[in-house]
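Since the structure comes first, as structure tokens, the remarks are kept for the end.
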Amino acid sequence: QVQLVESGGGLVQAGGSLRLSCTASGRTLASGTMGWFRQVPGKEREFVAAITAISWRTSSTTYADSVKGRFTISRDNGKNTMYLQMNSLKPEDTAVYYCAVGGSVARMDYWGQGTQVTVSS
């Protein structure tokens, strides 16, 4: 059974930083596509960033325009963990952040339970 567990959310002031972690069990994160998504109440879940394994050491990354230059997605195969480093946070980044893994961004097979990120102005 595949489980994804997020951590690292919290309350931060605008301009601050947080690092989210997503640890997987039951499935390696060294292959396929892994991503971060976020959702605020009353809105659809939106894509934030994704990382696709090309080889054990090489990955390709994509980002939503709203987070380019501020967020960085990465993975640690040895720890079977994916990260989202979030810098220069803005109040509009406030949301529940979910990690997911699957064959592509459009086809995520497994989701975490979500972690709340709140950015105060």
Side-chain angles (χ1 to χ4, degrees):
Q1 183 177 357
V2 178
Q3 287 190 322
L4 303 177
V5 179
E6 300 103 333
S7 61
L11 173 65
V12 64
Q13 288 188 333
S17 299
L18 283 174
R19 188 178 79 156
L20 305 183
S21 299
C22 174
T23 300
S25 59
R27 187 196 189 280
T28 177
L29 295 186
S31 64
T33 295
M34 297 143 281
W36 289 96
F37 298 77
R38 64 188 182 187
Q39 188 170 25
V40 297
K43 292 189 177 182
E44 292 188 355
R45 188 175 299 181
E46 67 173 2
F47 167 75
V48 175
I51 183 166
T52 298
I54 298 174
S55 69
W56 180 259
R57 297 180 183 274
T58 306
S59 303
S60 65
T61 58
T62 58
Y63 297 91
D65 288 342
S66 60
V67 306
K68 277 181 183 177
R70 300 188 298 122
F71 291 9
T72 303
I73 189 171
S74 62
R75 63 186 174 118
D76 184 329
N77 294 339
K79 296 182 179 180
N80 215 31
T81 298
M82 175 178 64
Y83 303 97
L84 184 68
Q85 178 66 44
M86 305 186 294
N87 298 328
S88 302
L89 282 161
K90 304 175 181 179
E92 51 263 44
D93 294 318
T94 295
V96 177
Y97 283 70
Y98 299 88
C99 68
V101 62
S104 67
V105 170
R107 190 176 60 82
M108 290 296 183
D109 299 314
Y110 302 99
W111 294 83
Q113 82 288 350
T115 186
Q116 177 71 48
V117 171
T118 303
V119 184
S120 63
S121 57

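All residue numbers in this chain count up from 1 along the given sequence. Everything quoted here is computed from the prediction, not taken from an experiment.
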So, using ring pair (Phe, Tyr, Trp, His ring centres under 6.0 Å) as the criterion, who are the partners of Tyr97 when residues are at least two apart? none

Excluding sequence neighbours, so at least two apart, what forms ring pair (Phe, Tyr, Trp, His ring centres under 6.0 Å) with Tyr83? none

Which pair of heavy atoms, one from [X] and one from [Y], lies closest together, and at what distance?
X     : Y      : result
Ser21 : Thr81  : CB-CG2, 4.2 Å
Ala53 : Ser31  : CB-CA, 3.8 Å
Ala64 : Phe47  : CB-O, 3.5 Å
Pro91 : Ser121 : CG-CB, 3.8 Å
Thr72 : Tyr63  : CA-OH, 3.4 Å
Arg27 : Ala24  : O-CB, 3.7 Å

Contacts of Glu92 that satisfy salt bridge (charged side-chain N to carboxylate O under 4.0 Å, His left out) - sequence neighbours left out: none

Arg45: partners by salt bridge (charged side-chain N to carboxylate O under 4.0 Å, His left out), with sequence neighbours left out: none

Side chain Asn80, main chain Leu29, donor-acceptor under 3.5 Å: yes

side-chain contact (heavy atoms from CB on, under 4.5 Å) partners for [X], two or more places apart:
X      : answer
Thr118 : Leu11, Thr94, Gln116
Thr58  : Ile54, Ser55
Ala100 : Phe37, Met108, Trp111
Val40  : Lys43, Ala95

Heavy atoms, side chains only, cut-off 4.5 Å: are [X] and [Y] in contact?
X     : Y     : result
Val67 : Arg38 : yes
Ile73 : Met82 : yes
Leu20 : Glu6  : no
Cys99 : Met34 : no

Got a sec, which pairs hit salt bridge (charged side-chain N to carboxylate O under 4.0 Å, His left out) with one end in residues 99-121, sequence neighbours left out? Arg107-Asp109

Among residues two or more places apart or on two chains, list those pairs meeting salt bridge (charged side-chain N to carboxylate O under 4.0 Å, His left out) that have a residue in residues 47-73. Asp65-Lys68, Arg70-Asp93

Following the transitive rule for hydrophobic clusters with a side-chain heavy-atom cut-off under 4.5 Å over Ile, Leu, Val, Met, Phe, Trp and Tyr, establish whether [X] and [Y] coincide in one cluster.
X     : Y      : answer
Val48 : Val117 : yes
Met86 : Tyr98  : no
Val12 : Phe71  : yes

Output all residues satisfying side chain to side chain donor-acceptor pair (under 3.5 Å) with Thr115, sequence neighbours left out; order by chain, then residue number. none

Taking only residues two or more places apart in sequence or in another chain, which ones pass side chain to side chain donor-acceptor pair (under 3.5 Å) with Asn77? Arg75

